[in-house]
There are 2 protein chains.
Amino acid sequence: MSLETLKQRALANPEVKAEYDQLEGEFSLIDQLLSMRTEAGLTQTQVAERMQTQKSNVSRLERGNANPSWATLTKYAHACGYQLTIKPIKAR
Amino acid sequence: MSLETLKQRALANPEVKAEYDQLEGEFSLIDQLLSMRTEAGLTQTQVAERMQTQKSNVSRLERGNANPSWATLTKYAHACGYQLTIKPIKAR
DNA sequence: TTGAGGGTTATCATATAAGATAACTGAAGG
DNA sequence: CCTTCAGTTATCTTATATGATAACCCTCAA
């Protein structure tokens, strides 16, 4: 059996599927956070200062070991010079 | 005609669309959540079921008495048939 | 070498988001 | 009137995000 087929079968399981979608979302979120900061040319330490928190917490956020609140996301974005909205996309 | 339809028509106009994108930061997260659900034609109870939670919690979310986590937002969006990403907008 | 800067990880305390239940309102239909 | 359905609010409990501190790994330049 191919790896791909295994993946298909796994994704047929609703719980696994949910996990998977969750991860996909998380990855892209992190990518977007990171590019906001790099785009702004700031270090984690600088962003941390502007967010009034610690660099370790910013790292945690960017490493994806977090499930940040909307408030945290907007603070981060604002620290990087961005406004934040959500972009809902109709799932197929 | 629903408010949502009016909004769609207005956004068909490129000039209005541009204006809208500028102002989008002003629109609340809550508005976007609500329109996802109404767009999907679902009740809070239905969304709650799909999110595997209670209708009261969905209400809390939509009433804005909350600072939802990213996981909660994506669960809600998925329940309404949407994928979710963030949309960072450069602040002036 | 060493020291500094950027980032990561571990850990603890505390604030708070989320789950669960129940009682309520208001509207629509019978 | 009742009853049903959608939504709201209050409250308690539990899970977890966040704040804070400290130690660590790199790389690079002095």
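Proteins come first, then strands; the chains are lettered A, B, ... in the order of their sequence lines, and each starts at number 1.
By the 4.5 Å heavy-atom criterion applied to side chains, Lys55(A) and Thr43(A) are not counted as neighbours.
Closest contact between the side chain of Arg63(A) and the listed nucleotides dG19(C), dT9(C), dA6(D) involves dT9(C). In the set dA22(D), dA20(C), dG7(D), the nucleotide with an atom closest to the side chain of Arg37(B) is dG7(D). For Ser56(A), the listed nucleotide lying nearest its side chain is dT8(C); candidates were dG19(D), dT8(C), dT18(D). Closest to the side chain of Ser59(B), out of dT9(D), dT21(D), dG19(C), is dT9(D). Among the nucleotides dG6(C), dA18(C), dA20(D), the one closest to the side chain of Thr72(B) is dA18(C).
Looking at Ser69(A), its side chain has no donor and acceptor atom pair within 3.5 Å of the base of dT18(D). A donor N or O paired with an acceptor N or O is found under 3.5 Å between the base of dG19(C) and the side-chain atoms of Arg60(B).
Linking ILVMFWY residues whenever their side-chain heavy atoms come closer than 4.5 Å, directly or via other members, places Tyr76(A) and Leu29(B) in the same cluster.
What separates CG of Leu61(B) from P of dT9(D) is a distance of 14 Å, to the nearest Å.
As judged by a 4.0 angstrom heavy-atom cut-off over every strand, Asn57(A) is placed among the base-contacting residues.
If you find the closest nucleotide of DNA chain C to Thr53(B) and to Val58(A), the one lying nearer the 5' end belongs to Val58(A).
Between Asn57(B) atom CG and Met51(B) atom CE the span is 8.0 Å, to the nearest 0.5 Å.
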